[in-house]
Amino acid sequence: MLTPVVVARKSLADYTHIVGRPLIEEIRELAEPLKGARIVHLNATSYGGGVAEILHTLIPLMQDVGLDCEWHVIYGQEEFFQATKVMHNALQGNPQAVSDEQWAVWHQYNEMNARELSRGWDCCVVHDPQPAAIATLEPGKARAWVWRCHIDVSSPNPATMQRLLPYIEPYPASLFHVRDYVPDGLDGGVHIVPPAIDPLASKNMALSRDDAEHICDQIGIDVRRPLLCQVSRFDPWKDPQGVIDAYRIVKERRPEVQLALVGSMASDDPEGWEFYDATVAHAEGDPDIHILNNFNNVGAVEVNAFQSLSDVVIQKSTREGFGLTVSEALWKGRPFVGGAVGGIPLQIQNGKSGFLVSSIEECAARSLEILEDADLGTSLGRYGKQFVRENFLMPRYLRDYLKIFTEVL
Ligand code: UDP
């Protein structure tokens, strides 16, 4: 029932000249005593969204440095994902708390998955709240347990957080993106570790302007006209409808502007399609708004092309755990405008590597400013790329995990 995910092979050596030799050497030294350690990562989906994106690189790199590392996706049906979606939203601050019935469903699926998990792991890394109870239910199945929180839990629904906490406290280590997210009452074993992107994945590899234009042109973008773009799941917290409203303000001044909303649909997100339809309706048939998803063959390379070609990359979230799409855009040297929430300010120094905004009007004004000043866009992009190189590339994240494994084992 737990489904192992097959991952590609990756080699840490390939990253040497991107992140520098000292970091690669540090990783090799940390990995040496951990060789052969049996590590399993558990999460809810193998595609769509940031967690899957990260694990598709992190697991192969853990394998490459000698860990015996696997990734298993937990079993769940509609009722479970409905419950965990409510839980996810509540933990991000939605007033609707998880009902007793939904807690029971969550617990029941955690019991099933805990039973299914095989024995003999040195460390089990549990991602996000969906499988969080497994450590409490079957503590003997791994020598050590790590809980990795990927969501913005800075102002959670208190009732839901209170009920989840007893399942998180037993973990010897828990990881959060920023200090602000650590729940009150959780002390001991807390680590602040932001995630990272893979500069060598097809999503982030350097793409020439010609190639990016060729791809976007085939998808219906007029590559001679300015393009605004947001890449994200169709989720209310990502505010794609607010992006449309901001685009409309920009369009009054720059009628030639186009907007692309590129969004994948994740298997653990039952509300995705409903919200997708609402977003399409919000666009009111404007031919310059392109709403695309992974079912229109918009995969990693296409996302890369949109991020590489856009005149402004937007991430107008109102809650954002980290926002891999931010580092992805900066890595391509693109000017960025995003919500001043969650993990976005961690990646953006306002005015230097992009702009942080708190309203539709501000988002539109900053986008216009960039469209009207090519030099501004170039300097934001250049600074942003260097910042990502120093802070948000996968080898740094791998190193942080190895340190934590060393500690818990
Ligand atoms: N993504 C994608 N295709 C899409 C939309 C998103 O590949 O159509 C990727 C995006 O490039 C990023 C990840 O999904 O790597 C989303 O991660 P993020 O941290 O931004 O948000 P999350 O979905 O985890 O809330």
Side-chain angles (χ1 to χ4, degrees), residues 45 47-50 52-53 85 202-203 207 212-252 254-320 323-326 328-329 332 334-339 357 360 363-364 367-368 370-371:
T45 180
Y47 70 91
E53 182 77 23
K85 187 74 197 190
S202 49
K203 162 94 40 86
L207 204 58
E213 283 187 353
H214 180 75
I215 293 168
C216 291
D217 174 66
Q218 288 180 74
I219 298 173
I221 305 298
D222 181 346
V223 298
R224 292 157 308 180
R225 286 160 54 201
L227 178 65
L228 313 180
C229 160
Q230 173 161 300
V231 174
S232 68
R233 288 180 295 107
F234 288 98
D235 177 318
W237 303 108
K238 307 282 187 182
D239 199 17
Q241 299 181 10
V243 179
I244 293 178
D245 296 337
Y247 148 88
R248 287 196 171 118
I249 298 175
V250 173
K251 203 163 177 76
E252 282 169 21
R254 298 289 300 261
E256 74 282 21
V257 76
Q258 308 164 90
L259 171 67
L261 293 174
V262 182
S264 63
M265 315 302 281
S267 64
D268 62 342
D269 183 2
E271 285 168 5
W273 283 109
E274 217 172 286
F275 192 66
Y276 173 83
D277 291 339
T279 306
V280 171
H282 197 74
E284 293 171 352
D286 181 338
D288 284 337
I289 302 181
H290 301 263
I291 302 184
L292 305 155
N293 66 46
N294 48 325
F295 293 94
N296 311 129
N297 287 328
V298 177
V301 175
E302 290 77 13
V303 167
N304 186 338
F306 275 100
Q307 289 172 330
S308 302
L309 195 71
S310 293
D311 295 281
V312 184
V313 181
I314 298 174
Q315 186 62 58
K316 214 206 133 313
S317 305
T318 53
R319 279 279 189 280
E320 189 60 76
L324 290 176
T325 51
V326 181
E328 288 168 4
K332 285 142 197 148
R334 301 319 301 152
F336 176 87
V337 175
V357 297
I360 288 165
C363 178
S367 301
L368 267 170
I370 293 169
L371 287 181

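- Rounded to the nearest 0.5 Å, atoms CZ (F306) and CG (L227) are 6.5 Å apart.
- Looking at residues two or more places apart in sequence or on another chain, you find no salt bridge (Lys or Arg N to Asp or Glu O under 4.0 Å) involving D277.
- Side-chain contact between L368 and R254 is present, with heavy atoms from C-beta onward closer than 4.5 Å.
- The side chain to side chain contact (heavy atoms under 4.5 Å, CB included) with S308 is formed by just one residue from the set V313, I215, L207, V303; it is L207.
- Checked against ring-ring contact (aromatic ring centres under 6.0 Å, His included), Y276 has the following partners two or more places apart in sequence or in another chain: F234, W273.
- Scanning for side-chain hydrogen bond (donor to acceptor under 3.5 Å, both in side chains) contacts around K203 gives E53, with sequence neighbours left out.
- Counting only distance, with no hydrogens or angles, the side chain of N304 and the backbone of S202 share a donor-acceptor pair below 3.5 Å.
- The closest side-chain heavy-atom distance from K316 to I360 is below 4.5 Å.
- Take H290 and apply the side-chain hydrogen bond (donor to acceptor under 3.5 Å, both in side chains) test, not counting sequence neighbours, and it matches no residue.
- Considering only residues two or more places apart in sequence or on other chains, D245 meets the salt bridge (Lys or Arg N to Asp or Glu O under 4.0 Å) condition with R248.
- Legend: residues meeting salt bridge (Lys or Arg N to Asp or Glu O under 4.0 Å) with K85, ordered by chain and number and at least two apart, are D235, D269.
- With sequence neighbours excluded, the residues that form a side chain to side chain contact (heavy atoms under 4.5 Å, CB included) with D222 are R224, R225, Q258.
- Side-chain atoms of K251 and D288, non-hydrogen and from C-beta on, do get closer than 4.5 Å to each other.
- Among residues two or more places apart in sequence or in another chain, the side-chain hydrogen bond (donor to acceptor under 3.5 Å, both in side chains) test is passed with D286 by Y247.
- The heavy-atom pair separating T318 from P236 by the smallest distance is OG1-O, 4.3 Å.
- The shortest non-hydrogen separation linking E213 to L309 is CG-CD1, 3.6 Å.
- For S232, the side-chain hydrogen bond (donor to acceptor under 3.5 Å, both in side chains) partners at least two apart in sequence or on another chain are Q230.
- Of the possible polar contacts, none joining the N293 side chain to the G263 backbone as a donor-acceptor pair under 3.5 Å is found.
- For the atom pair I370 CD1 and S310 OG, the distance stands at 11.5 Å (nearest 0.5 Å).
- Listed by chain and number, the residues in a salt bridge (Lys or Arg N to Asp or Glu O under 4.0 Å) with K332 amount to none (sequence neighbours excluded).
- Checked against side chain to side chain contact (heavy atoms under 4.5 Å, CB included), A364 has the following partners two or more places apart in sequence or in another chain: A246, I249, V250.
- Applying the side chain to side chain donor-acceptor pair (under 3.5 Å) test between T325 and each of R233, K238, Q315 identifies Q315 as the sole match.
- Nearest heavy atom pair, residue S367 against residue V312, reads O-CG2, 3.9 Å.
- Residues meeting the side chain to side chain contact (heavy atoms under 4.5 Å, CB included) test with A283, sequence neighbours left out: I244, I289, I291.
- When all heavy atoms of D311 and P226 are compared, the closest pair comes out as OD2-CA, 3.2 Å.
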- Item | Candidate pair I219 and E302, rule side-chain contact (heavy atoms from CB on, under 4.5 Å), full reasoning | CA-CA 9 Å; I219 298 173; E302 290 77 13; 3.8 Å; yes
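- Residue I314 comes nearest to F336 through the heavy atom pair C-CE1, 4.3 Å, listed as atom of the first residue, atom of the second, then distance.
- Residues V231 and Q307 have side chains in contact (heavy-atom distance under 4.5 Å, counting atoms from C-beta outward).
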